[in-house]
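Structure first, commentary second.
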Amino acid sequence: MTELLAPAGSMEALKAAISNGCDAVYLGMQKFGARAYSSNFDLETLNEAVTYAHLRDVKIYVAMNTIVFENEVEEMKEQIRELNEIGVDGIIVQDLTAFDYIVKNFTDLEAHCSTQMGIDDVDGTLLFKELGAKRVVLSREVKIETVKEIKRVADIPLEIFVHGALCVSYSGNCLMSGLSGFRCANRGRCVGSCRKEYDLMDQTTGTSLGKSYILSTKDLNTIDYIHDLKEIDSLKIEGRMKVPTYVANVVSKYRMALDHKITEADKENLKKTFNRTFTKGYLFHEDRRNITNIARPNHFGYEIGTISRVEKDRYEITLTRTLNQNDTIRINHDNEDVNLTVAKLYNKDGDLINTADDVCYIKVKEKMSAGDVVYKTKDYFYHKELEASLEKEFKRFDLDISVYAYPDSKLVIEAEGFGFNYSYESEEILGEAINNPTTKDQVIKQFSRLNDTIFELNKVDYEEGNAFIPAKLLNAARREIVLGLYDLKLNSQKKRTKTVEAKEKISFAPVQPYLTASVTTQEQYDACVSCGITEIYFDNVVRRNQNDYQEKEGQLLIGGYGGIHHYRGTNPFVTDYSLNVINATSCYELYKLGAKRVTLSYEMNKSQIEDLMNAYVEENDGSPALEMIVYGRAPLMFTKYCPMRKMNQCRICRTKSYELKDEQATFPILSHEDCTAIILNGKTLNLLDELANLKGIEALRLNFTVESKEQVVNVIHMALGKLNGSMNHAVFNQETDTRGHFNKEIV
C-alpha cells in the first residue's frame with residue numbers, strides 16, 4: 001500500500017493529519033531537525049504523539065536531518081536512544097554519523113536517508129541500501145521515470161515529495177543562508193534567501209533584466225498524477241511550518257485521490273489554503289521556466305474577480321467565484337497588494353449581504369482602480385469546515401466480544417481488537433435475575449458507547465444464563481477492555497538494540513600541507529599547471545547530482561554519494577565539500593568507502609575543525625586526511641533551474657555573464673552545459689593569511705570560478721608565499737573578501 005506521509009510541526013497539526021487519513025507523520029524535535037522555527041516536539045509531547053498515532057496504526061518518523069558538529073555528537077546519540085525508547089518507527093537523517101549510529105545500534109528503528117543527502121540515482125540508492133538504510137527520500141529534482149527505475153533496480157522503499165514548498169537549490173546543497181546570513185539551512189535555520197527580490201544583471205552590458213522574485217519556486221502539486229505515484233512506497237507532503245488547517249486540507253485531498261474518491265472541485269480546494277501557485281515539478285517534467293513564480297514569494301490565493309467600477313465611497317467587484325462576508329481577499333493595485341477581511345459586503349442598492357456570486361460592493365480606504373484583480377486568500381466557510389476536521393477519528397477499529405454471564409459466577413468477557421485478545425473477569429459475583437435477566441441487546445447498548453475511543457462494536461456473542469449484569473459493571477468492563485487492548489497494542493512494538501562490534505581504525509601519516517586547485521576554464525587550468533600545482537580538479541570532477549557517469553582515468557573529486565558508489569571500484573577519489581562533512585565519524589565512514597581525502601564543509605569555524613581532528617585522533621589513534629577550501633567564491637546554491645532561461649536569455653547566456661543583485665551584494669551565476677546553474681558568493685573566501693595556522697589539514701584548495709589567468713597566477717603566488725612563510729603582509733581585502741565561517745560560529 002502506498003503510504004501517505006504528512007507533516008506535523010505541532011500536536012495540533014499531527015492530529016489534523018491523522019484525522020484526515022494519513023498513514024504516517026514526520027515531525028521534528030527541538031534539536032537536529034531541519035525546521036528549527038516550527039513549534040516541534042519535546043520528549044513529553046513526542047510520547048503523546050507516538051501513543052496517539054500508534055493506536056491508530058499511523059507511523060511516526062522523526063526528522064533529525066541536520067548536520068551535526070563534533071560537540072553535539074553525544075547529545076545526538078542520546079536523543080536517538082530516547083526516540084528508540086519512546087518507540088518511533090524511523091529517523092530521517094542527513095549526517096553520516098547519525099545514520100551510522102542508528103544502523104549499528106538498533107534493530108527495529110529504521111534509518112531513512114533525507115532528501116538533504118541529495119540522492120537522485122540508482123547508484124546513490126544502492127550505496128545506502130548496502131549501508132543499511134531502510135528507506136531513501138529522493139531529491140525533488142528526480143523525474144518519475146527515474147524514480148521507477150531506482151525502485152526497480154535498487155529494490156528498497158522510496159519516498160518522494162508530492163506536494164508543498166520547493167527549494168530552488170538541490171536540498172542540502174544550499175549555502176546561501178549560512179554564508180550570507182550566518183543561519184545555516186543545513187542546520188534547519190534557513191533565512192529564505194530564495195524568497196527575496198533580486199535584479200538579474202547582464203554584466204556584459206551592465207543592464208538589469210528586471211527586478212523580481214527570480215529564485216522563488218511555486219509550490220509542488222502532483223494530485224493529477226496520483227495513478228503514476230501509486231507505485232512509490234511513500235508520498236510525502238511538505239509543511240512542518242504550516243498551520244493545522246493547511247495540513248488537514250492537503251492530507252484529505254491526497255487521501256481522496258489515493259482512494260479514488262476525489263473530484264475536480266476537491267482538487268480546486270487545494271488553492272484555499274497556502275499556495276504560491278502550483279507546479280507539477282521536475283517529477284513530471286515541468287518546463288524549468290515555469291518552476292518559479294517571480295511575481296510574489298508568499299501566499300497567492302486564487303482569482304475571484306476584478307474591480308469593475310469605482311464609485312465615490314465604494315468599489316464594484318465583478319465576480320467569477322463566490323465571495324462571502326468574513327472572507328479574506330487581496331487586491332493587486334499597481335503591483336502592490338491591498339489585503340483585507342471583508343467585514344461588510346453590499347449589493348447594488350447598498351444593502352448588507354452575506355454572500356455574492358456575480359456582482360458585489362465593498363468600501364475600503366485604500367485607492368484602487370478598475371481592472372485591479374481580486375484574489376481570495378482565505379475562504380471563511382471552508383476554513384470552518386477544515387477546523388471541524390482537525391480532531392476526529394478517520395477510522396475506527398472493530399471490537400469483538402464474547403460475554404459469559406451466569407448466576408453465582410464472575411462476569412467473563414473475551415475481547416478482540418487490533419488483532420489482540422484481552423480477557424476480562426469481574427471481581428463481583430453475578431446474581432440470578434428475579435424478573436428481567438440481562439439481554440444481548442442491553443449488553444450491546446452498553447458496549448456501543450465507544451465514541452471516546454477508537455473502537456466500534458462489531459461482533460457480540462452472549463451466552464445468556466438468566467443472570468443480571470448491572471449497567472455500571474458493563475461500563476467498567478468496557479473501559480477496562482479498551483485500555484487493556486490499548487496497552488497490548490502500544491507494548492507490541494519491539495525496541496531491540498544491537499551489540500556493536502569493534503571497528504577497524506583508519507588513520508593517515510601526516511604530510512606537509514600543499515596546494516590543490518579546482519578550476520572552471522581551460523585557461524585557469526593552464527595557469528595552475530604553469531605555477532606547479534599537480535592536483536587540479538577540472539575534467540575529473542564528478543558533481544553531486546550529476547548522474548551521467550562517464551568512464552574516467554585517475555583520481556576524481558566526487559561530490560555525491562552516487563559518484564562514490566559508481567567509481568569506488570575503479571578510481572581513487574577525494575570527496576568534495578558538498579557532502580557536508582563536519583565531524584570525525586563522517587570522515588571515517590567516507591574513508592571506509594575508499595576516500596583518499598575528505599573535503600570539509602564550508603560551514604565550519606576553526607574551533608570546530610580542531611574538535612573534529614582531535615576526536616578523530618582519539619577514536620583512531622592517528623590523523624584524518626583532510627582537504628579544505630581556503631580561497632574562492634563559494635557556491636551558494638546549485639540549482640536545476642536557470643534564472644537566465646526564465647528571463648529569455650537561453651542560448652545567448654554562453655556569450656555573456658550574469659549576476660543576481662540585492663540591496664547588499666551581488667552573486668555571479670555560473671551556468672553549465674546541462675542548463676543547471678551555480679550561484680556564487682559575491683565576496684571571495686580568503687583564508688590565505690591563515691594558512692600557516694591551519695595545522696593538520698593536508699590539502700589546501702584554491703577554488704577558481706570567474707578569475708582571469710592573471711588573477712589565478714597572482715592568487716597561487718600569494719598562497720605559496722603564505723604557505724612557505726616568504727610573504728608576511730596581509731592579503732585579505734575587507735571590501736572584496738570574506739573569511740566565511742572561519743572566525744564565526746554558524747547557527
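Computed from heavy atoms alone, side chains included, the values below leave out hydrogens, waters and symmetry copies.
- Judged purely by atom type and a 3.5 angstrom limit, Ser114 has no side-chain atom pairing as donor or acceptor with the backbone of Asn65.
- Checking Asn545 against Glu141 by side-chain atom types alone, no donor-acceptor pair falls below 3.5 Å.
- A salt bridge links Arg276 with Asp219; the closest basic N to acidic carboxylate O contact falls under 4.0 Å.
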Worked verdict on Arg152 versus Glu231 for salt bridge (charged side-chain N to carboxylate O under 4.0 Å, His left out): CA-CA 10 Å; Arg152 178 179 57 81; Glu231 296 179 37; over 6 Å; no

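- Contact between Pro7 and Arg240 at its shortest, heavy atoms only, is CB-N, 3.6 Å.
- For the pair Lys640 and Tyr282, the distance from NZ or CZ to the six-membered ring centre is under 6.0 Å and the angle to the ring normal is within 45 degrees.
- Within the 4.5 Å cutoff, the side chain of Val482 has heavy atoms near those of the Leu450 side chain.
- To the nearest 0.5 angstrom, Tyr52 atom OH is 6.0 Å from Ile18 atom CD1.
- To the nearest 0.5 Å, the span separating CG on Asn475 from CZ on Phe447 amounts to 8.5 Å.
- With 3.5 Å as the limit, one finds no donor-acceptor pair spanning the side chains of His112 and Tyr61.
- Under the 30°/60° scheme for interplanar angles, the aromatic rings of Tyr246 and Phe274 are found to stand perpendicular.
- Under the 4.0 Å criterion applied to side-chain N and carboxylate O atoms, Asp224 and Lys267 are assigned as salt-bridge partners.
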Test log, rule side-chain hydrogen bond (donor to acceptor under 3.5 Å, both in side chains), inputs His565 and Asp121: CA-CA 11 Å; His565 183 266; Asp121 61 11; over 6 Å; no

Verdict with reasoning, Phe278 to His163, per ring-ring contact (aromatic ring centres under 6.0 Å, His included): CA-CA 9 Å; Phe278 291 127; His163 197 97; 5.5 Å; yes

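- Here the OG1-NZ distance, from Thr146 to Lys151, works out to 15.5 Å after rounding to the nearest 0.5 Å.
- No donor-acceptor distance shorter than 3.5 angstrom exists from the side chain of Asn421 to the backbone of Glu414, with no hydrogens or angles considered.
- Nearest heavy atoms, Gly172 versus Asn580: O-ND2, 2.8 Å.
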Worked check of side-chain hydrogen bond (donor to acceptor under 3.5 Å, both in side chains) between Tyr424 and Arg478: CA-CA 9 Å; Tyr424 168 84; Arg478 183 189 70 244; over 6 Å; no

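- With hydrogens and angles ignored, the 3.5 Å screen pairs no side-chain donor or acceptor of Asn249 with any backbone N or O of Leu386.
- The two residues Asn269 and Lys253 come nearest to each other via the heavy atoms CB-CE, 3.9 Å.
- Counting heavy-atom neighbours within 6.0 Å of Tyr380 OH, excluding the residue itself, gives a total of 12 or less.
- In this structure, the side chain of Lys495 does not engage the main chain of Asn84 through any donor-acceptor pair within 3.5 Å.
- Annotation: the span from Glu145 atom CD to Phe284 atom CZ amounts to 8.5 Å, rounded to 0.5 Å.
- Asn583 and Thr585 share no side-chain donor-acceptor pair at under 3.5 Å.
- Residue Lys261 qualifies as open at atom NZ: its count of foreign heavy atoms under 6.0 Å is 12 or below.
- When Asn275, Leu270, Val162 are each tested for a side-chain contact (heavy atoms from CB on, under 4.5 Å) with Val250, only one passes: Leu270.
- Note that NZ of Lys592 is 7.5 Å distant from CG of Leu131, once rounded to the nearest 0.5 Å.
- The heavy-atom pair separating Gly560 from Leu579 by the smallest distance is CA-CD2, 4.0 Å.
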Trace of the salt bridge (charged side-chain N to carboxylate O under 4.0 Å, His left out) decision for Arg187 with Glu72: CA-CA 12 Å; Arg187 305 269 295 160; Glu72 301 171 313; 2.7 Å; yes

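- Between the Asp400 side chain and the Ser402 main chain, no donor and acceptor come within less than 3.5 Å of each other.
- Between Lys59 and Glu110 there is no salt bridge, since no side-chain N of the basic residue sits under 4.0 Å from a carboxylate O of the acidic one.
- Ion pairing between Glu589 and Lys104 holds under the 4.0 Å rule for side-chain N and carboxylate O.
- Ring-plane geometry between Tyr486 and Phe418 is classed as tilted, the angle between the planes lying from 30 to 60 degrees on a 0 to 90 degree scale.
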Stepwise salt bridge (charged side-chain N to carboxylate O under 4.0 Å, His left out) test for Glu385 and Lys272: CA-CA 12 Å; Glu385 281 181 43; Lys272 292 184 177 179; over 6 Å; no

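- Side-chain contact between Ile401 and Tyr462 is absent, with no heavy-atom pair separated by less than 4.5 Å.
- Looking at Ser234, its side chain never comes within 3.5 Å of a backbone N or O of Glu159 through a donor-acceptor pair.
- In the model, Thr97 has no side-chain atom that pairs as donor or acceptor with a side-chain atom of Asp100 under 3.5 Å.
- Using a cutoff of 4.0 Å between basic side-chain nitrogens and carboxylate oxygens, Asp228 and Lys148 are scored as salt-bridged.
- With respect to Glu268 and Lys271, a salt bridge is recorded, a charged nitrogen being found less than 4.0 Å from a carboxylate O.
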Worked verdict on Asp487 versus Tyr422 for side-chain hydrogen bond (donor to acceptor under 3.5 Å, both in side chains): CA-CA 10 Å; Asp487 285 343; Tyr422 185 85; over 6 Å; no

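- Rounded to the nearest 0.5 Å, atoms CD1 (Ile156) and NZ (Lys129) are 6.5 Å apart.
- Tested against Asp108, the residues Arg496, Lys134, Lys494 include a single salt bridge (charged side-chain N to carboxylate O under 4.0 Å, His left out) partner, Arg496.
- Between Leu457 and Ile444, the shortest heavy-atom distance links the atoms CD2-O, 3.8 Å.
- Cation-pi check for Lys489 over Phe420 is not met; the charged atom does not lie both under 6.0 angstrom from the ring centroid and within 45 degrees of its normal.
- For the pair Asp233 (side chain) and Leu158 (backbone), a donor-acceptor distance under 3.5 Å is present.
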